[in-house]
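Each remark here refers to the structure printed beneath this line.
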Protein chains: 2
Amino acid sequence: MLNSLSQVNQRQLSPEDDLVHEGGPPREPTIFLSGWGIRYTSLQDGRRQILGYFLPGDIADTNIDVSPVMDHSIAALTKAIVVEISRETIAGLAETNPNIVKAIQLSKAASIASLHETILNLGQRSAVERTAHFLCELFVRMKLICLTDETSCKIAMTRVDIADAIGMTTVHVNRTVKDLRTAGLLDLEGKTLTIPDLERLKRAALFNPSYLYLRPGSAKIG
Amino acid sequence: MLNSLSQVNQRQLSPEDDLVHEGGPPREPTIFLSGWGIRYTSLQDGRRQILGYFLPGDIADTNIDVSPVMDHSIAALTKAIVVEISRETIAGLAETNPNIVKAIQLSKAASIASLHETILNLGQRSAVERTAHFLCELFVRMKLICLTDETSCKIAMTRVDIADAIGMTTVHVNRTVKDLRTAGLLDLEGKTLTIPDLERLKRAALFNPSYLYLRPGSAKIG
DNA sequence: CGCTACGTTGAGTGGCATCAAGCGCGGTGG
DNA sequence: CCACCGCGCTTGATGCCACTCAACGTAGCG
């Protein structure tokens, strides 16, 4: 089903290309077919906060039907291929495949749950817990889409991106990762994330995966 | 329109009553007719994070159609009167009054925007900015529903609540409020919040009200 | 082969947490 | 009526966690 769509409205993005821009008009819902993306917002003085990120298969929804102006930006983190799907197309698809409605609801609910978890993370967890939780989530999500091997995966984020996602400085991200490495909980060399014992990391990070809405078979559309 | 509803399914809540409970089943969308409520979640060890709060007229939505289990709790902060409105009722109302669909979309979009702003607040703003921003938002929202006089209003939150909302300790909330008082930006004596010069506070807090989705006349349903 | 971006590490500082004590006030019971 | 208690607020002292500033190593790239 997606295959037929992927011929249409498909676009290539380069790293740091904005898909939608804060203050600008929204777009139709967009799926990341490949590559990584981030949703972010900034203060006037330039401090950037990453609100969430997109992995291949994720839908970047914008509330096109509500506000004419975006309150945040969406950008590519790597080279990425995205496909925009208009609401009409979705409505059309929904007629022949009712599951799509469910899938979109699920995707929306998951993204809200994810925002809640991010708030909990920023507000209550210590730097070590926060970093562990963030990287733990990253790994779990990558695993879900089969982009990990047994204990490691490639991530697209730099230290700066991680720092802006979890509200820390790059320097302190570094030191925290070092501590986690020393504790044997994870390793992050360049862009390779290694997690020798995922269950142990989950415990250390107070990680509860329920907010990811992992129902078997429901992570994908179609 | 709301008047006809307010006879039905109306409930009284006392302070700290849970409307829905983390881990339990969701409810139908619920409107706070009077009183204050909070949405919160906790870590296993008891650290609590307030995700958002409800003022009179706000809708506490739960994704009833998606997950059978709540990932957070909703509780009353004061005595409160709430009315639960089933989706069927809403659908029925929508037929005679299409604006209600728009209003609910708007409410959902606003709550997502609010989550984004909270993440930005926790991740990037300093303690002073964060506190200022939080109290500024509070005042603006109270003003919208005409629950302020010229420069002050009553708030239901304790220092503990404020602390759990902005990820600080009560002690430091206190000191920060003191600094803001010294700077002449605001005052918080007990439950009375006074803001002598809202525009000045907005500037200090890097406050941009656009995330509240204040379109004239759109804040209310019906 | 420099240049730039990213990652790493060190030293020093300060913001915010922790621990602890005291204050004011409303509620309760003797 | 008042002593007592508990809760929320406030303030002080102390220490640590995380930021800032700065330097250097390294890798990718024009």
Side-chain angles (χ1 to χ4, degrees), chain A residues 14-16 36 38 43 45-50 75 77-79 121-135 154-183 186-194 204, chain B residues 14-16 36 38 43 45-50 77-79 121-135 154-183 186-194:
Chain A
S14 301
E16 305 189 28
W36 293 49
I38 54 171
L43 292 174
D45 62 13
R47 281 175 277 176
R48 179 184 68 153
Q49 177 65 41
I50 293 180
L77 216 50
T78 62
K79 269 176 54 174
N121 215 16
L122 290 172
Q124 299 302 324
R125 274 184 261 252
S126 69
V128 174
E129 292 166 338
R130 209 146 80 216
T131 308
H133 187 276
F134 181 80
L135 294 175
K154 287 276 175 194
I155 71 172
M157 293 182 161
T158 65
R159 296 294 191 276
V160 176
D161 297 323
I162 296 173
D164 287 351
I166 61 184
M168 294 168 42
T169 59
T170 59
V171 173
H172 203 244
V173 166
N174 228 323
R175 301 206 156 106
T176 304
V177 166
K178 198 188 192 179
D179 291 346
L180 288 165
R181 170 165 39 230
T182 306
L186 58 79
D187 198 358
L188 185 58
E189 296 181 52
K191 310 237 154 159
T192 304
L193 171 64
T194 305
Chain B
S14 301
E16 307 189 24
W36 293 50
I38 54 171
L43 293 174
D45 61 14
R47 281 175 278 177
R48 179 183 69 154
Q49 177 65 42
I50 292 180
L77 216 49
T78 63
K79 270 176 53 177
N121 215 15
L122 291 172
Q124 299 301 323
R125 274 185 260 251
S126 68
V128 173
E129 291 166 340
R130 211 145 79 213
T131 309
H133 187 275
F134 181 80
L135 295 174
K154 288 276 173 195
I155 69 170
M157 292 182 162
T158 65
R159 297 293 192 277
V160 176
D161 297 325
I162 297 174
D164 286 350
I166 62 183
M168 293 168 43
T169 60
T170 60
V171 174
H172 204 241
V173 166
N174 228 325
R175 301 208 156 106
T176 305
V177 166
K178 197 186 192 181
D179 291 346
L180 288 165
R181 172 166 38 232
T182 306
L186 59 79
D187 198 357
L188 184 57
E189 295 181 51
K191 308 234 155 162
T192 304
L193 172 65
T194 305

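So that the names make sense, note that chain A is the first sequence line, chain B the second, and so on, each numbered from 1.
For A:Ala204, the side chain to side chain contact (heavy atoms under 4.5 Å, CB included) criterion is met by A:Leu185, not counting sequence neighbours. With sequence neighbours excluded, no residue satisfies side-chain hydrogen bond (donor to acceptor under 3.5 Å, both in side chains) with B:Thr194. For B:Arg47, the salt bridge (Lys or Arg N to Asp or Glu O under 4.0 Å) partners two or more places apart in sequence, or in a different chain, are A:Glu129, B:Asp45. Annotation: side-chain hydrogen bond (donor to acceptor under 3.5 Å, both in side chains) contacts of B:Thr192 (sequence neighbours excluded): B:Lys154.
Within the 4.0 Å cut-off from OP1 or OP2 of D:dC9, not a single side-chain nitrogen or oxygen of B:Asn174 is found.
Considering every non-hydrogen atom in both A:Ala127 and A:Met168, the closest pair reads CB-SD, 3.8 Å. Residues A:Arg130 and A:Asn121 share a closest heavy-atom pair of CD-O, 3.1 Å.
Overall bending of the helix from C:dC1-D:dG30 to C:dG30-D:dC1, expressed as the angle between end axes built from five pairs apiece, is 30° (10° steps).
Note that the CD1 atom of A:Ile38 and the CG atom of A:Leu77 stand 5.0 Å from one another [nearest 0.5 Å]. With rounding to the nearest 0.5 Å, the separation of CG in A:Leu193 from NZ in A:Lys191 is 13.0 Å. Here the CD-CZ distance, from A:Glu189 to A:Arg181, works out to 6.5 Å after rounding to the nearest 0.5 Å.
Using a 4.0 Å cutoff on non-hydrogen atoms, no part of residues 154-163 of chain A comes near DNA chain D.
At a threshold of 4.5 Å between non-hydrogen side-chain atoms, the residues A:Met157 and A:Phe134 count as touching.
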Which nucleotides of nucleotides 12-30 of chain D have their base under 4.0 Å from a protein heavy atom (B), which only their sugar-phosphate (S), and which neither (-), written as one string 5' to 3'? BB----BBBB---------
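The salt bridge (charged side-chain N to carboxylate O under 4.0 Å, His left out) analysis of residues 165-179 of chain B, with sequence neighbours excluded, yields no pairs.
Boundaries of the chain B contact region on DNA chain C are C:dC16 to C:dC19, first to last in 5' to 3' order (nucleotide atom under 4.0 Å from a heavy atom).
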Give the table of side-chain donor-acceptor pairs shorter than 3.5 Å for residues 158-166 of chain A, with sequence neighbours excluded, one pair per line with atom names and distance.
unit_1   : atom_1 : unit_2   : atom_2 : d
A:Thr158 : OG1    : A:Val160 : N      : 3.3
A:Thr158 : OG1    : A:Asp161 : N      : 3.2
A:Thr158 : OG1    : A:Asp161 : OD2    : 3.2
A:Arg159 : NH1    : A:Gly190 : O      : 3.4
A:Arg159 : NH2    : A:Leu188 : O      : 3.1
A:Asp161 : OD1    : A:Arg48  : NH2    : 2.9
A:Asp161 : OD2    : A:Thr158 : N      : 3.1
A:Asp164 : OD2    : A:Arg48  : NE     : 2.8
A:Asp164 : OD2    : A:Arg48  : NH2    : 3.0

